[in-house]
> 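Handing you this structure, nothing more for now.
The model shown is predicted, which means the values in this text are computed figures rather than measured ones.
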Amino acid sequence: MRHLFSAEGEQALAAAIGLRPLLAFDFDGTLAPIVARPGDARVSAAVAKGLERLGRTLPLAIVSGRRVDDIRGRLHFTPRYIVGNHGAESPLMPEANPPSLLDPMRDRLAKSATALVQAGVTVEDKGRSIALHYRLAPDRSRAHEVVDHLARTLDPGLSAFGGKLVMNFVAEGAPDKAEAVARLVEHSGAKVAVFLGDDVNDEPVFARAAPGWLTIKVGRDDRASRAMYCLDGPAEIEGLLERILDLVGDGIR
Ligand SMILES: [Mg+2]
């Protein structure tokens, strides 16, 4: 995969920005570096400022696995759109996927509570999705076995997908990030999207990108990624925002 800051990538970026796209960003691992404790994740002041300025010119969205309220508290500005829970919590579909759909999973987790604690797995109930984190587990392969077993023996009406040292549970048929971004493009009146993400659950967006879209994978950890270009990591986001501000005629000089 080519780096976005190559001659070809810069050209693709200029072409996409020229189409006045929706700008959509994943949060963890994209805007904010991955940290051991998810509660510690933050965007830098420079990134927050760049996003706020871009949001005055282009429709801007954060599309995260976190709850919408959680994201809101981590930004120092209000973007036009925040989608949470991997696409399942969208301001465009406020009534969809009520949290009660995950009650069977809550019962199941309550019964497995001791095994989860022993394996060092942390349960994060986010309403419209539930995450089982094992980044801090003393034996990650053992912890993975425990969460993988839960994912393979799901109750009907539920579905599971992995991420970076996490397993996520949602209601079957809940919108994923690809569907959420497609709806935002339509709602915003933009014709295309520029989307950045770093993880497994961002791949559906990369795979379903329509002509004219620009997709960017943050990190080089997945050679099979369907994104068009990559950045080395979240540390390059500030430079990207400066380039986009230049392209829309709002450069910091
Ligand atoms: Mg991410």
> Less than 6.0 angstrom separating the ring centers of Phe195 and Phe206, yes or no?
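They qualify: ring centres under 6.0 Å apart.
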> Quick one: pull up NE2 in His3 and CD in Glu10 and give me the separation to the nearest 0.5 Å.
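That separation rounds to 9.5 Å.
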> Would you indicate whether His149, at its atom NE2, is surrounded by more than 12 heavy atoms from other residues, nucleotides or ligands within a distance under 6.0 Å?
no
> Got a sec, which residues hit side-chain contact (heavy atoms from CB on, under 4.5 Å) with Arg67, two or more places apart in sequence or on another chain?
Asp69, Asp70, Asn85, Glu89, Lys126
> Out of curiosity, Leu109 CG to Asp125 CG, how far, rounded to the nearest 0.5 Å?
8.5 Å
> Do any N or O atoms from the side chain of Ser112 and from the backbone of Ala115 form a donor-acceptor pair under 3.5 angstrom?
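No; zero donor-acceptor contacts below 3.5 Å.
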> Check side-chain contact (heavy atoms from CB on, under 4.5 Å) between Gln118 and all other residues, then give those that pass, not counting sequence neighbours.
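Applying side-chain contact (heavy atoms from CB on, under 4.5 Å) to Gln118 gives Thr114.
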> Once ring-ring contact (aromatic ring centres under 6.0 Å, His included) is applied, do any residues pair with His187, and if so which ones, sequence neighbours excluded?
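Listed in chain order: Tyr81.
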> Can you name the residues that form a side-chain hydrogen bond (donor to acceptor under 3.5 Å, both in side chains) with His133, not counting sequence neighbours?
Glu124
> Can you list the residues that meet the side-chain hydrogen bond (donor to acceptor under 3.5 Å, both in side chains) rule with Asp155, with sequence neighbours excluded?
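If we apply the side-chain hydrogen bond (donor to acceptor under 3.5 Å, both in side chains) test to Asp155, skipping adjacent residues, there are no hits.
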> Taking only residues two or more places apart in sequence or in another chain, which ones pass side-chain hydrogen bond (donor to acceptor under 3.5 Å, both in side chains) with Arg142?
Glu145
> Counting N and O atoms only, with roles assigned by atom type, does the side chain of Arg140 sit under 3.5 Å from a partner on the main chain of Arg135, one being a donor and the other an acceptor?
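Here the side-chain-to-backbone pair exists.
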> Closest approach of Val218 and Gly29, non-hydrogen atoms and distance?
CG1-O, 3.4 Å
> Look only at the side chain of Arg74 and the backbone of Gly39, and say whether a donor-acceptor pair between them is shorter than 3.5 Å.
yes
> Would you confirm whether Asp202, through its side chain, and Asp199, through its main-chain N or O, come within 3.5 Å as a donor-acceptor pair?
yes
> Without swapping roles, check the side chain of Asp176 against the backbone of Glu179 for a donor-acceptor pair under 3.5 Å.
yes
> Just by distance, do the side chain of Ser64 and the backbone of Gly84 share a donor-acceptor pair under 3.5 Å?
no
> With sequence neighbours left out, write down each residue that passes side-chain contact (heavy atoms from CB on, under 4.5 Å) with Ser141, or none if nothing qualifies.
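Asp139.
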> Report, one line per pair, each donor and acceptor closer than 3.5 Å where one atom sits in a side chain of residues 159-173; sequence neighbours left out.
unit_1: Lys164; atom_1: NZ; unit_2: Asp198; atom_2: O; d: 3.3
unit_1: Lys164; atom_1: NZ; unit_2: Asp198; atom_2: OD2; d: 2.6
unit_1: Asn168; atom_1: OD1; unit_2: His86; atom_2: NE2; d: 3.3
unit_1: Asn168; atom_1: ND2; unit_2: Phe161; atom_2: O; d: 3.3

> Got a donor-acceptor contact below 3.5 angstrom from the Arg128 side chain to the Ala174 backbone?
no
> Is it true that, when you exclude Arg80 itself, more than 12 heavy atoms of the residues, nucleotides or ligands shown sit nearer than 6.0 Å to its CZ?
yes
> Residues in side-chain hydrogen bond (donor to acceptor under 3.5 Å, both in side chains) with Ser225, at least two apart?
Glu203
> Are Leu158 and Val147 connected in a single hydrophobic cluster, I mean Ile/Leu/Val/Met/Phe/Trp/Tyr linked by side-chain heavy atoms less than 4.5 Å apart?
yes
> Just jot down the salt bridge (charged side-chain N to carboxylate O under 4.0 Å, His left out) partners of Arg2, sequence neighbours excluded, or say none.
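If we apply the salt bridge (charged side-chain N to carboxylate O under 4.0 Å, His left out) test to Arg2, skipping adjacent residues, the hits are Glu8.
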> Using side-chain contact (heavy atoms from CB on, under 4.5 Å) as the criterion, list what pairs up with Val117, not counting sequence neighbours.
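In terms of side-chain contact (heavy atoms from CB on, under 4.5 Å), with neighbours along the sequence ignored, Val117 is linked to no residue.
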> Looking at Arg243 and Asp246, does any basic side-chain N land under 4.0 Å from a carboxylate oxygen?
no
> Distance check, rounded to the nearest 0.5 Å: Ile62 atom CD1 versus Ile82 atom CD1?
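One finds 7.0 Å between CD1 of Ile62 and CD1 of Ile82.
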> Quick one: which residue pairs count as a ring-ring contact (aromatic ring centres under 6.0 Å, His included) with a foot in residues 12-42, not counting sequence neighbours?
none
